[in-house]
Amino acid sequence: MAGRPGPLPPRIEPQAGSTWSTPPSGGTDPARPVPAPRAEWPVPPNTGQWGPAPTPFGGAGHHGPGAPTAAPGPAAYPPAAPGFPGVAGYPQPGYPQPDPASAVPSTTAGYPGGPAHWPASPPADRPTRRRWPAVLATVAVVVLAAVAGLQAYQLDRLGDRLADTDSRLAQAQDGDLARLDSLDKRAETLEKQAGAAFNPEAVASAVLPSVFRVRAGEFTGTAFAVGKPASGGGTNLFTNFHVVEAVWDGGGREVFLERSSQRFPATIVKVDKTNDVAHLRASGKFSGLVTAPAAAKSGQQIVVVGAPLGLEDSVTTGVVSALRPAQGGSGPAIQFDAPINPGNSGGPVINGSKEVVGIATAKARNAEGIGLAVPIKVACDGFKIC
């Protein structure tokens, strides 16, 4: 029958002269000997758990305590069938199985005092160790380290290239600076040479605004502004004494400056008859010419500006022929070969640096290319207006 329990487990028969180990409350004297089974008692066949099996422990067919029983034989109690409930290790179909975690030690069923044992349980499955994440992390670290090393190497090479580029750039800049310095020096040299080169056009353009035609009575000549403005305002001018001599000797002091159809009044302030120089002062303000700090030299190129025969703003060129010392009561003179005519008297003699070196005063009669000028130093020292 399904789910029917099997036969009882085999019994353990006490040995002769032994005692049962039962609690005192069971009503049995522990010191009382257990009688041995009698041979004359017949042993009924074992009919299973549900049949009347005689047993000395009060089962079916029990005759009371102390009743005689037949000696057990090999066939009296067959071994328990496998799967008997209550025996550890033998599960029975249809019965609830014990929980190994809550199992308690038990003795072998039907064997009082037998050795205790724990029910066997299957070994717990150990968790499988996952190694792939660690391997992947290690590989990632190695790759990152390699990338970092490569980048560091590239940065180092880039730094070396930048340093080399900076060095080359610095060398190029030094070379450029050297070339620029050389060019500056050459430019200065060329400027000096250009300045030293004689340019009558440039000289005339710078000088003409400061040169005037002088009308003194019936005579005409030339005058030019010089030096700084006068202390009381206006402009200081130089001309020859013989140009204003008639007015001066007649007691007059007023003359007129003419330029480009304009007329400006001027006054004779002081004269030097010996050196043929007169000092004029105009109320208007005009640019004064700069006087040369050194005396003229033979061979020096010059420009003479004046109004020959009344023709204002006339320009002639030439060279200094010689320096003549004072003779016959007249002062020293500069001889030059630039053409001059009546009306040039009192006009400035200019060097290539646009500086006044003398005042044109006369020309030799019956000769060509011999003109004379009063050194500007003589005029400046005599009138103190330069």
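These values consider heavy atoms only, across backbone and side chains, with no hydrogens, waters or symmetry-generated copies.
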F241 and N275: side-chain contact (heavy atoms from CB on, under 4.5 Å), yes or no, with the steps? CA-CA 8 Å; F241 170 69; N275 295 302; over 6 Å; no
Grab the two heavy atoms, one from [X] and one from [Y], that are nearest each other, plus how far apart they are.
X	Y	answer
I359	A379	CD1-CB, 4.0 Å
G252	I268	O-CD1, 4.3 Å
A373	V349	CB-CG2, 4.0 Å
A278	V244	CB-CG2, 3.9 Å
G306	N344	CA-ND2, 3.6 Å
P293	E355	CD-OE1, 3.7 Å

Just wondering, do [Y] and [X] contact through their side chains at under 4.5 Å, heavy atoms?
X	Y	value
I350	V356	yes
T220	V214	no
T291	C380	yes
V374	V277	yes
E245	H242	yes
F219	V247	no
P265	E254	yes
L323	I334	yes

Could you grab the distance from atom [atom1] of [X] to atom [atom2] of [Y], nearest 0.5 Å is fine?
X	Y	atom1	atom2	value
E258	F212	CD	CZ	11.5 Å
Q173	D166	CD	CG	9.5 Å
F238	L289	CZ	CG	11.5 Å
Q154	R161	CD	CZ	9.0 Å
F286	F264	CZ	CZ	4.5 Å
R324	L372	CZ	CG	8.5 Å

For the pair I370 and Q335, evaluate side-chain contact (heavy atoms from CB on, under 4.5 Å) and give the outcome as yes or no after the intermediate values. CA-CA 7 Å; I370 298 177; Q335 179 184 341; 4.2 Å; yes
Using a strict cut-off of less than 4.0 Å between a Lys/Arg side-chain nitrogen and an Asp/Glu carboxylate oxygen, indicate whether D181 and K185 qualify as a salt bridge.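 So D181 does not pair with K185 through a salt bridge.
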Just do the side-chain contact (heavy atoms from CB on, under 4.5 Å) check on H279 and N236 with the steps written out, would you? CA-CA 7 Å; H279 172 205; N236 292 316; 3.1 Å; yes
Side-chain donor/acceptor of N240 to backbone N/O of D276, under 3.5 Å: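 Such a contact is found between N240 side chain and D276 backbone.
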Is it true that V226 and V207 fall in one hydrophobic cluster, defined by side-chain heavy atoms closer than 4.5 Å?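 As far as the 4.5 Å side-chain criterion goes, V207 and V226 are connected within one cluster.
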